[in-house]
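Comments concern the structure below.
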2 protein chains.
Amino acid sequence: MEPNTGEGCCASVTEAPLTEAESDELAHAFAALADPVRLRLLSLVAARGEVCSCDLEAPLGRSQPTISHHTRVLAEAGLIRGEKRGRWTWWSLVPDRLATVRRALGPV
Amino acid sequence: MEPNTGEGCCASVTEAPLTEAESDELAHAFAALADPVRLRLLSLVAARGEVCSCDLEAPLGRSQPTISHHTRVLAEAGLIRGEKRGRWTWWSLVPDRLATVRRALGPV
DNA sequence: CAGTCAGATTGACAGTTGTCAATGAAAGCT
DNA sequence: AGCTTTCATTGACAACTGTCAATCTGACTG
């Protein structure tokens, strides 16, 4: 069994004891997922493929600054990516990052 | 495509917009995973199969009340299960729960 | 029964987080 | 240039969270 160096492709909770660096990194990702508004935001982005911020306020029932806060948290965790086009910022998923986090919870 | 009722077996962020109930439930699970000490605790339990609380203080570098706090959070999220045998509480994973949370992050 | 040991609970405190109103910044329109 | 729209940033505040010292509860031991 490979030692878990903290730099590998797939740190997993169930494979080998996590290093501090790995657990910090993973905890950051899970923290981004640990809010119901952000989870619904994520599912809206997933459902529509691409969404601009202004289309999130109504379905999520939060103010514009709050939406901006949540998109930033998700983006900093690498789970979504924003692309500015004209006046709009278009948000989309980062599937690889989601897959990495998912794999951290155990064998596929 | 099935509507997401909030009572199904596998609410998923990437399948259909989450209901508020689903996102609350999921966020609770992710919040339990959103701490590096708890992630390392989880990986220790996974590595050894069964662990008693007293064996967690040293590797995690936290006091006994803090360990007790973290095991409680993980247990309330359904991710680990504690069984009292004599003076010790033995902790083990709940694989089904881990799988459910994992599946919430997308298709297998 | 008195003592010890594993673990839970309580209380306190500092640090973090979700929220919104107000403001700022950049792009497009007239 | 001036106005509007879209989003980001700042500041403030209440709520929550991780941590430990102190204490309490049970279970075993002698």
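Keep in mind that this is a model prediction, so the values were computed, not measured. A note on names: the letters A, B, ... follow the listed sequences, proteins ahead of strands, and every chain is numbered from 1.
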- Query: Could you give the CD-to-C1' distance, from A:Glu76 to C:dT16, as a whole number of Å?
  - Reply: 14 Å
- When rounded to whole Å, the CG to P distance for the pair B:Leu60 and C:dG7 reads 13 Å
- Task: Would you indicate what A:Val73 reaches in the nucleic acid, counting non-hydrogen atoms under 4.0 angstrom: base, sugar-phosphate, or nothing?
- Result: nothing
- Task: With heavy atoms under 4.0 Å as the rule, sort B:Trp91 into base, sugar-phosphate or nothing.
- Result: sugar-phosphate
- Task: Would you kindly say whether A:Thr71 and A:Ser68 are connected by a side-chain donor-acceptor distance under 3.5 Å?
- Result: no
- For the side chain of A:Arg87, starting at C-beta, report the closest nucleotide among C:dA6, D:dT6, D:dC7. D:dT6
- Task: Please state how far atom CZ in B:Arg62 lies from atom P in D:dT17, giving the value in whole angstrom units.
- Result: 17 Å
- Ranking B:Arg72 and B:Trp88 by the position along DNA chain C of their nearest nucleotide, the one closer to 5' is B:Trp88
- For atom CG of A:Asp24 and atom P of D:dG18, their distance in whole Å: 13 Å
- Please report, rounded to the nearest Å, how far the C1' atom of C:dA8 is from the CD1 atom of B:Ile67. 13 Å
- Item | Contact summary for B:Arg62 and B:Val37, nearest pair of heavy atoms | NH2-CG2, 3.6 Å
- From D:dT19, C:dA6, C:dA8, pick the nucleotide closest to the side chain of B:Thr66? D:dT19
- Query: With sugar-phosphate meaning primed atoms plus P, OP1 and OP2, does B:Arg38 contact a base, only sugar-phosphate, or nothing at under 4.0 Å between heavy atoms?
  - Reply: sugar-phosphate
- Task: Mark yes when over 12 heavy atoms from residues, nucleotides or ligands other than B:Glu20 sit less than 6.0 Å from its CD; otherwise mark no.
- Result: no
- Task: Report the distance from atom NE2 of B:His69 to atom P of C:dT10, rounded to the nearest whole Å.
- Result: 14 Å
- Message: Under 4.0 Å between a side-chain nitrogen and a carboxylate oxygen: does that hold for A:Glu25 and A:Arg97?
- Response: yes
- Item | B:Ser68 vs A:Ser63, nearer the 5' end of DNA chain C by closest nucleotide | B:Ser68
- Message: If the threshold is 4.0 Å, N to carboxylate O, is there a salt bridge linking A:Glu50 and A:Arg85?
- Response: yes
- Check the distance between C:dG18's P and B:Phe30's CZ and give it to me in whole angstrom. 15 Å
- Message: Please pick, from C:dA6, C:dA8, D:dC7, the nucleotide with the shortest atom-to-atom distance to any side-chain atom of B:Thr71.
- Response: C:dA8
- Query: In terms of the nearest nucleotide of DNA chain D, which residue is placed more toward the 5' end: B:His70 or B:Pro65?
  - Reply: B:His70
- Query: Do B:Gln64 and C:dA6 have a side chain to base donor-acceptor pair shorter than 3.5 Å?
  - Reply: no
- Report the distance from atom CZ of B:Arg85 to atom C1' of D:dG26, rounded to the nearest whole Å. 17 Å
